[in-house]
Every structure is written in C-alpha cells, then in structure tokens.
*Asks:* 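I have a structure I would like to understand better, so I am pasting it below and will then ask my questions one at a time.
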Number of protein chains: 2
Amino acid sequence: MAELDNLKKASAHAGPLPPKGSIPNISVDNLIFGLENGSLKVLLIRHNIDGKRKPWALPGGWIHFDEDLRDAAKRILHLHTGVEGVYLEQLKTFGKVDRLPFGRVATVAYYALVSTEKCPLIANDDRPDAMWCDIHDVPNLAYDHNEILDFGLKFLRHKIRHEPIGFNLLPEKFTLLELQDLYEAILDCTLDKPNFRRKMLKMKLLESCNEKQTGVAHRAANLYRFDAEAFEKLSSQGFSFEF
Amino acid sequence: MAELDNLKKASAHAGPLPPKGSIPNISVDNLIFGLENGSLKVLLIRHNIDGKRKPWALPGGWIHFDEDLRDAAKRILHLHTGVEGVYLEQLKTFGKVDRLPFGRVATVAYYALVSTEKCPLIANDDRPDAMWCDIHDVPNLAYDHNEILDFGLKFLRHKIRHEPIGFNLLPEKFTLLELQDLYEAILDCTLDKPNFRRKMLKMKLLESCNEKQTGVAHRAANLYRFDAEAFEKLSSQGFSFEF
DNA sequence: TACTCTTTTGGTCAAAATGACAATAAGCTT
DNA sequence: AAGCTTATTGTCATTTTGACCAAAAGAGTA
C-alpha cells in the first residue's frame, strides 16, 4: 500500500518519537511570557533523559488524536511545569523542512502572558527542570526555539500597542504605575506618568476597584481592574485600542 | 511496532488521501483576497471528481515532505488556479479534532492580498473551477472553510488599520482615491477625501510617480506608489502605521 | 504633632492631529 | 467658452499629545 510508505517516511527519525495515540508530524510548543519585578521573562524547561541534560527549550510535545490543538498545548504546559489556568493563543506554525534533526515535524506555537506570581513552577520527579528566564539572558535553545522566541517577542511588542493584552501579565487588581512599568518593560522605553495615566483612563477600559494599594511606604495608589465587558462593547462599536 | 499503529490511525480515513510523498495529518489552505471595482473578493475553487462537482472551497492541498509550508501553499495555489507571484503570509492553523469527516488533519491557512487584474485565473483541463467571489456572496464552503474565511476577514480588517498591507490589493501605481476606496471597501465605512489624503501623505510612505491617471473624463489624479524602503526605515525607528 | 520623604494625582500650556467643510484648480465634454 | 466632474488646497474649531509643574496623601521619624 502506497500510504504505508509515506507513513514510514514520516516516522523515519532517530530522535524522540510521538507516543502511541499521538499525531506524527505535528507538535505544539508554548511560549509563556511572565512579568517579575518589572522585567520580562519566558518560561523554559530542560529535560533530563537517562541522566543526561538536554538543552533548554520551550515546553512542548505531541498532540493526541482526539485532542484539539489548544487543549494539547494546555495539557503539555501543565505536564511539564505545573502551570495551569492560562489562556493560550496561537502564535504561528513553524514548519521548515529541516527544523528538527529527525523526521519532518511542523509545530504549532502557542503563547500566553501571565503574572509569574500566579504561576508557580511546581516541581515533580516526573518533570523536567523549569525556570522563568529573563528575556535578556536566554541561552541557546533546542531546535528552532530561539527563532520561535524572537518571532513571539516581536509579535508581543506589536500586539501590546494595538490590543489590550498587557493586563494578562498583571494580577487582577493593579495600579496604573504597575501597568506603565509593564509597557516600559515590553516596549523598552520610558513613558511620562501623568500622560500615560490620562491616555489609559480616557479609554474607559479600566474600572476602579475603589481600593488602595497596601504595604507601601508612601501614598497608596488606587487599584484598577481591566473591564473586559466594556472592551467588548466598545470593540463592537468599531473602537480600536491604540497605545 | 507501536509506531505503525499510530501511523495506521493517521491514515484511517475514507476521504481524499495525501498522495505519496506528502505529509499525512497536515495540509495548507489559501485565502486570497482580491479587489475588483471597489469590492472585496475571495478566490474559491470547485473540484470535479468523477464528473461530480464538489462544494466550493479554498484552494488547498497536501505538503510534500521536502517542501516548506509556504512553498507548498504557493505551489498548490498555482496548481489549482494558475495564480502566481503573490506573497503568502501565514494566517493561522486550524486543527479541530473533527474539522474533516475523514481522519485528523490540521491545516495551515495562508492569506494574500492581490489586485485581481494582476491575477488572471488560468483555466486548464486538469484544474478545478475557480472564481473571484464577492465577499458578500460567499456560499457554504467545504469543511470548515467558512470559519477560516471569517477569521481571515476579521484579521484583515484589523490588520489593514495597523499595517500598510492594503497596497498589495492595488496595482503598483495607484491614485489616492483608489486607496481610499480600498479602505472603505474593507472597513465598510466612508471617509472624508481631503482628510484621508492629508493623513496618508503625512506618513511619508507614498512616493509620487509624477504621472497622471489616464482614460478618465475629468481631471486626472496623480499616481503614487508605496515606498517600502521608507517604511522599513521608519519602522526600525519605532514608527507604527496607524489608520 | 510637625516635618520629611516619596509617590499619586490633578493641572497648565503650547504644539500637533483630527474632523467638518469651503474653495479653487484642472481637465474632459459639449 | 460653458458646464461638469473630480483633484487638490486651504480654513477653522475641536481634540489629542507631549512636556512639565504643583498640590495632595500617606508613612515614617524626630
């Protein structure tokens, strides 16, 4: 049968194989951005196989036959790092012929923005090493994962100016200064505080919590939360977020 | 061998099979937008198999083992429609478990914007029917192709406001009114002529051809071309296209 | 309590951008 | 030459932006 030839070719590799029940030739990889003390991090893992440490990599793996792509990404992220409850968005599919040394595999990259404090990396004997790595100190990663990261970072910088996604990097309640620090960290620039505040508030996307920051040795700032409902409403009226 | 089980599962379908030399479980589909008389079109094809007409669909197909994703999309587009020389950008990968009635296939969707006059649909005995279909009159398409189209259309509307991609829908030399009509067609709104002109010219992305429009029964407008070089330069300085 | 320190928050002001619209210029047709 | 249509330029009030100043609020300390 002709198909069998193709199938053999598909699995003709000397590296990690897709386990039983998973689709050959496709994988998912997760690019998880986090914010910690005002600097941007990315979540990396390192497999230990037969006592040998593999290079750092994005957490990724194979897709089950009966599983949607995003579900697979979510499962694998949790499996490798213990991170749960993040909303994954598709970034791009990377499919160069030679991106892996074994066989032909296209990988669907997903990304998410989280606040690292809400995402503890829960170690476990079955799990690889995991770390939040500062975006400026990323080592050589496995396969084409540096390329995926570079693409994702550019994407993030563009996207944060045109869509209100930055809020995902912060805890639910945040101060305007925390939000501003986030923009400065991602865009790598400095912004004027009063002007930032004015522009952000005028969009009417922030709802005051009527609560103050605590534990600071100076005037406490007001806390806000992102008003997703207001955003939906405005969007449907043709509003377009800009920063 | 365990892998062979997976491989069989991968090809256990009763529908179109990936031919020998192609990757199972992944395909590409092309979403080609065109502009004709100020209205937005999309390129559709209809296969004839054993004299039976299949439903209209986006032009797509299987990827060769030794072929990059975009190359596959390009080859297949040409194969089915005769359209050549368009720049395809990746849109998104669609991979729901049940998106096809046979087997599990994720499809990487590519899109392009072209001026229809530059893209004649070259018929050929081996080719399916092909047409430029008005965006308002799209019929029920095969599989999840309507979903792909809807996603692509939303994507286009957002993107055209934030990146200078609209120029691809026009011939190399165009008038400001043609450009404005394009924006109005895609965004489905009306714009003020002098203001549109002012804003567009201020961005310094248009280079005058020092030529006039011909064949019109009134004052001929000046022709412009998109200055990609200027755009690159500005972009690298942090400039961000907005409309 | 009074004073200091730090950060939030509320302003001002000139410059630039926008939206609405009037007016002029250019080129074809009759 | 007159009329028609569209291109192009210009005006003006309003809004938004960028730079910067200053008052208000707490927390800690003398």
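All chains are named by letter (A, B, ...) in the order of the sequence lines, taking the proteins before the strands, and each is independently numbered beginning at 1. Not measured: the values here are computed from a predicted model. For the numbers below, each heavy atom of this structure counts, side chains included, while hydrogens, waters and symmetry mates do not.
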*Asks:* Under 4.0 Å from a heavy atom of chain B: give me the 5'-most and 3'-most nucleotides of DNA chain C that qualify.
*Replies:*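 Counting from the 5' end, contacts occupy dA17(C) to dC28(C).
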*Asks:* Taking only side-chain nitrogens and oxygens of R197(B), does any of them come within less than 4.0 Å of OP1 or OP2 of dT8(D)?
*Replies:*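 Yes, because at least one side-chain N or O of R197(B) sits under 4.0 Å from OP1 or OP2 of dT8(D).
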*Asks:* Classify the angle between the aromatic ring planes of F241(B) and F167(B) as parallel (below 30°), tilted (30 to 60°) or perpendicular (above 60°).
*Replies:*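 Answer is perpendicular, since the angle exceeds 60°.
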*Asks:* Using five base pairs at each end, measure the axis-to-axis angle across the helix from dT1(C)-dA30(D) to dT30(C)-dA1(D) and round it to 10 degrees.
*Replies:*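 For the helix from dT1(C)-dA30(D) to dT30(C)-dA1(D), the axes at either end differ by 10°.
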*Asks:* Counting only side-chain N and O atoms of K193(B), is one of them less than 4.0 Å from OP1 or OP2 of dA7(D)?
*Replies:*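 So the side-chain polar atoms of K193(B) do come within 4.0 Å of the phosphate oxygens OP1 or OP2 of dA7(D), strictly under.
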*Asks:* Under 4.0 Å from any atom of DNA chain C, heavy atoms only: list the residues of residues 173-181 of chain B that qualify, in numerical order.
*Replies:*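 Within this stretch, nothing sits under 4.0 Å of the strand.
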*Asks:* dA25(D) C1' sits how many Å from R219(A) CZ, rounded?
*Replies:*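 Going from R219(A) (CZ) to dA25(D) (C1'), I get 5 Å.
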*Asks:* Does anything in residues 183-208 of chain B pair up under salt bridge (Lys or Arg N to Asp or Glu O under 4.0 Å), and if so which pairs, sequence neighbours excluded?
*Replies:*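 Only E207(B)-R225(B) qualify under salt bridge (Lys or Arg N to Asp or Glu O under 4.0 Å).
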*Asks:* Does T175(B) reach the main-chain N or O of L223(B) with its side chain, forming a donor-acceptor pair under 3.5 Å?
*Replies:*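 Judged by distance alone, no pair lies under 3.5 Å.
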*Asks:* Check whether any side-chain N or O of R53(A) sits under 3.5 Å from a backbone N or O of R46(A) as a donor-acceptor pair, and report yes or no.
*Replies:*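 Not at all, since once roles are kept as given, no pair shorter than 3.5 Å links the two residues.
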*Asks:* Could you encode protein contacts along nucleotides 11-21 of chain D as a string, one character per nucleotide from 5' to 3', using B for base contact, S for sugar-phosphate-only contact and - for no contact, with a heavy-atom cut-off of under 4.0 Å?
*Replies:* B-----BBBBB
*Asks:* Which pairs, with at least one residue in residues 78-89 of chain A and sequence neighbours excluded, count as a side chain to side chain donor-acceptor pair (under 3.5 Å)?
*Replies:*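 Applying side chain to side chain donor-acceptor pair (under 3.5 Å) to every pair that reaches into residues 78-89 of chain A, excluding sequence neighbours, yields R70(A)-Y87(A).
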